[in-house]
2 protein chains.
Amino acid sequence: MDTKSLMIHTATALFQQKGYKTVGLNEILKACNVTKGALYHHFPNGKEELLIACLNGLKETITAEIETIIRGHKSTKEATQAILDKLIYNLETEGTITGYTFSSIVSEMATVSEPVRRACSALYENIQHIYAAKLVTDGFSSESASDLALMLTASIEGAMMLCLTQKSTDPLKTIAKRLPHLFE
Amino acid sequence: MDTKSLMIHTATALFQQKGYKTVGLNEILKACNVTKGALYHHFPNGKEELLIACLNGLKETITAEIETIIRGHKSTKEATQAILDKLIYNLETEGTITGYTFSSIVSEMATVSEPVRRACSALYENIQHIYAAKLVTDGFSSESASDLALMLTASIEGAMMLCLTQKSTDPLKTIAKRLPHLFE
DNA sequence: CCTAACATACCAACCGGTCTGTATGCCATG
DNA sequence: CATGGCATACAGACCGGTTGGTATGTTAGG
């Protein structure tokens, strides 16, 4: 992998796990064996530019993954279960957040940096758009489809946060039990 | 107000708005016109001890507020609407998070500090317990009551995060439209 | 030989935390 | 009732370490 992608890849993981401020440049640099010169060569505006690059990268990844899962199931209901299963699996094996969530970044940066806020917003919008599209093919009106899509993202993201505090995957499992009722 | 309470009060607001790492001790100190000596007199273990004091204070406040709202409405359905209304009102008037949410702290600290994680966990547990109790009086079984309580906290917390990224109260409003369906 | 891609030494600013100093109030004793 | 002693509640200078960021040097490929 080229240096730039390597940096984005490593930084993304660290940011998701520990948040933006908590992770120092030196920590990122050491983790991927790259020097400061290289970082500032590829990201002249430093740490925040790297973060935005991470968020954009995340957008590609998440969009792709969710889309393939969704395409592989006949209705949003089944697809949601599959997505939650994957989230739970990731959390149980890796022990940290790896997947479709980046709450740590949102909550500490949204009020502080406008460019970062916009990048996060675009990401969420994307996810909701995918859900909404599938819900429309399920037969929902476009209005209730986008409402439900928001409801989905919100509860998943919230459950993720509860999992973090409880050090358990139970919240996601509970959500998995209750979300299907939304589609009836 | 005495110095200690003043510090907790000020720090709570700052932590909720900007997160833990983002807010420096000097910023807090300046905001409430208190010196470092005073801080380390009341909180010998420094910043993290202050944060935990904030979370415990938040627990009292949130518990009390939610409980009075819940007591003032006949079912969980109505109470939830009232709570969301208040959340929306706060967000619109203050422009920042003030209320029942502390996602910023959770997501950046849960994986880093065990005492902080426990404090956050206790807080969420408390909230869910209040919801669940009301749901039981509504006629739900204790199992589905606690499931629904989790669902409530998760989706509200998630919607809050979406509000933050969108700089809008729409996500909370959408949630308000959809949550009632859960109770049927 | 020139430019992209680094490497490395360095920097000021800031961080959380500690240190010593001091004003003030209480309280027991002579 | 004055006084010494001691604890509480600060104030503010100071500290080492780390932060993000920069400036300059080196190297390899076209």
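Every chain is numbered from 1, with letters handed out A, B, ... down the list of sequences.
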Engineer: Using the test salt bridge (Lys or Arg N to Asp or Glu O under 4.0 Å), find all partners of Lys4(A) that sit at least two apart in sequence or belong to another chain.
Structural biologist: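 Testing Lys4(A) for salt bridge (Lys or Arg N to Asp or Glu O under 4.0 Å), a comparison that skips the adjacent residues, returns none.
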
Engineer: Across nucleotides 5-17 of chain C, 5' to 3', mark each nucleotide with B, S or - according to how protein heavy atoms within less than 4.0 Å reach it.
Structural biologist: BSBB------SBB

Engineer: Shoot me the first and last contacting nucleotide of DNA chain D against chain A, ordered 5' to 3', at under 4.0 angstrom to non-hydrogen atoms.
Structural biologist: dT19(D) to dT22(D)

Engineer: Hey, can you pull the donor-acceptor pairs under 3.5 Å for the side chains in residues 128-141 of chain B, sequence neighbours left out?
Structural biologist:
residue: Lys134(B); atom: NZ; partner: Ile70(B); partner atom: O; Å: 3.2
residue: Lys134(B); atom: NZ; partner: His73(B); partner atom: O; Å: 2.8
residue: Thr137(B); atom: OG1; partner: Lys134(B); partner atom: O; Å: 2.7
residue: Asp138(B); atom: OD2; partner: Thr76(B); partner atom: N; Å: 2.9
residue: Asp138(B); atom: OD2; partner: Thr76(B); partner atom: OG1; Å: 2.5
residue: Ser141(B); atom: OG; partner: Ser144(B); partner atom: N; Å: 3.2
residue: Ser141(B); atom: OG; partner: Ser144(B); partner atom: OG; Å: 2.9

Engineer: Quick check on the helix from dC1(C)-dG30(D) to dG30(C)-dC1(D): what's the angle between its two end axes, five base pairs per end, to the nearest 10°?
Structural biologist: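 For the helix from dC1(C)-dG30(D) to dG30(C)-dC1(D), the axes at opposite ends meet at about 10°.
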
Engineer: List for me each residue that meets side-chain contact (heavy atoms from CB on, under 4.5 Å) alongside Cys120(A), sequence neighbours excluded, and say none if there are none.
Structural biologist: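 For Cys120(A), the residues satisfying side-chain contact (heavy atoms from CB on, under 4.5 Å) (neighbours in sequence not counted) are Leu55(A), Phe102(A), Ile105(A), Val106(A), Val116(A), Thr165(B).
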
Engineer: Taking a hydrophobic cluster as the set of Ile, Leu, Val, Met, Phe, Trp and Tyr residues connected by side-chain heavy atoms closer than 4.5 Å, whether directly or through intermediates, do Leu148(B) and Ile69(B) fall within one such cluster?
Structural biologist: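 Yes; Ile69(B) is reachable from Leu148(B) via cluster members.
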
Engineer: Can you list the residues that meet the side-chain contact (heavy atoms from CB on, under 4.5 Å) rule with Thr10(B), with sequence neighbours excluded?
Structural biologist: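 Checked Thr10(B) against side-chain contact (heavy atoms from CB on, under 4.5 Å); matches are Leu6(B), Leu14(B), Ala31(B), Cys32(B).
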
Engineer: The criterion is side-chain contact (heavy atoms from CB on, under 4.5 Å); which residues satisfy it with Asp85(B), sequence neighbours excluded?
Structural biologist: none

Engineer: Would you please name every residue forming a ring-ring contact (aromatic ring centres under 6.0 Å, His included) with Tyr20(A), sequence neighbours left out?
Structural biologist: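 Result, ring-ring contact (aromatic ring centres under 6.0 Å, His included) vs Tyr20(A): Phe15(A).
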
Engineer: How would you list, by chain and number, every residue that makes a side-chain contact (heavy atoms from CB on, under 4.5 Å) with Glu125(B), sequence neighbours excluded?
Structural biologist: Ser121(B)

Engineer: Sequence neighbours left out, what passes salt bridge (Lys or Arg N to Asp or Glu O under 4.0 Å) with Glu184(A)? Give chain and number order.
Structural biologist: Lys77(A)

Engineer: Which pairs pass salt bridge (charged side-chain N to carboxylate O under 4.0 Å, His left out) with one or both residues in residues 24-33 of chain A, sequence neighbours excluded?
Structural biologist: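 Sorted result for residues 24-33 of chain A: Lys18(A)-Glu27(A).
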
